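Take a look at the structure set out below.
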Amino acid sequence: MRRIVSFHYTLRDPSGRVLDSSAGGDPISYLEGAGQIIDGLDEQLRSAAAGVKSRVTVPAKKAYGERDPAQVQRVRRALLPFEGELKIGDQFQTGPDRADPVVTVAGIEADEVLLDANHPLAGVDLTFDVEIVTTREATAEELSHGHAHAAAEGGCGSGCGCH
Ligand code: ZN
């Protein structure tokens, strides 16, 4: 049986800095084994029941991957599609869509810029403090769509993107 799991989380890096959290909003729901959340977290929550609080550490290779030096590219500053000052650590999206990759300015040398297309969390071991809110059995429709719906009844709902 594959489950729909709803949970709250706070994500920290190894220094303890909070990177992301669902606190104050709705819990996150996902279908187990569907790639909706990072693999390492999905695997470690397989047997967790509603009400369970746990701390899950996911090594980088099971989260956003190890850093790939080949993903760092040198481009001419003049080719970047915006004006203004750049500094190391600046991040921007390479296209208009939320899914477009984010690149990070890794270096600036004269009229060239080093852009790092690794995920900002590549190479980072992640720690999640998780609280399982609800679990239920996935419906046949959810299994065929490969994702969680807001409720077992009522189909995809808005924002699902599978119609
Ligand atoms: Zn759906």
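Since the structure is predicted, the reported quantities are computational estimates derived from the model, not experimental observations.
In this view, Ser144 satisfies the side-chain contact (heavy atoms from CB on, under 4.5 Å) rule with no residue, not counting sequence neighbours. Not counting sequence neighbours, the partners of Pro120 by the side-chain contact (heavy atoms from CB on, under 4.5 Å) test are Gln91, Val102. Scored by the side-chain contact (heavy atoms from CB on, under 4.5 Å) test, Glu131 finds Lys53 as partners (sequence neighbours excluded). Remark: Arg77 pairs with no residue by the salt bridge (charged side-chain N to carboxylate O under 4.0 Å, His left out) rule, at least two apart or across chains. Legend: residues meeting ring pair (Phe, Tyr, Trp, His ring centres under 6.0 Å) with Phe7, ordered by chain and number and at least two apart, are Tyr9, Tyr30. For Val75, the side-chain contact (heavy atoms from CB on, under 4.5 Å) test picks out Leu80, Val113, Leu115, with sequence neighbours left out. For His8, there are no ring pair (Phe, Tyr, Trp, His ring centres under 6.0 Å) partners at least two apart in sequence or on another chain.
Each salt bridge (Lys or Arg N to Asp or Glu O under 4.0 Å) pair with one or both residues in residues 140-153, not counting sequence neighbours, appears once here: Arg136-Glu142. For the ring pair (Phe, Tyr, Trp, His ring centres under 6.0 Å) condition, the pairs that include at least one residue of residues 84-116, sequence neighbours left out, are Phe82-Phe92. Listed by first and then second residue, the salt bridge (Lys or Arg N to Asp or Glu O under 4.0 Å) pairs involving residues 28-41 are Arg3-Glu32 (not counting sequence neighbours). Residue pairs meeting the salt bridge (Lys or Arg N to Asp or Glu O under 4.0 Å) criterion with at least one partner in residues 18-28, sequence neighbours excluded, do not occur; the list is empty. Applying the ring pair (Phe, Tyr, Trp, His ring centres under 6.0 Å) test to every pair with at least one member in residues 35-57, sequence neighbours left out, gives no pairs at all.
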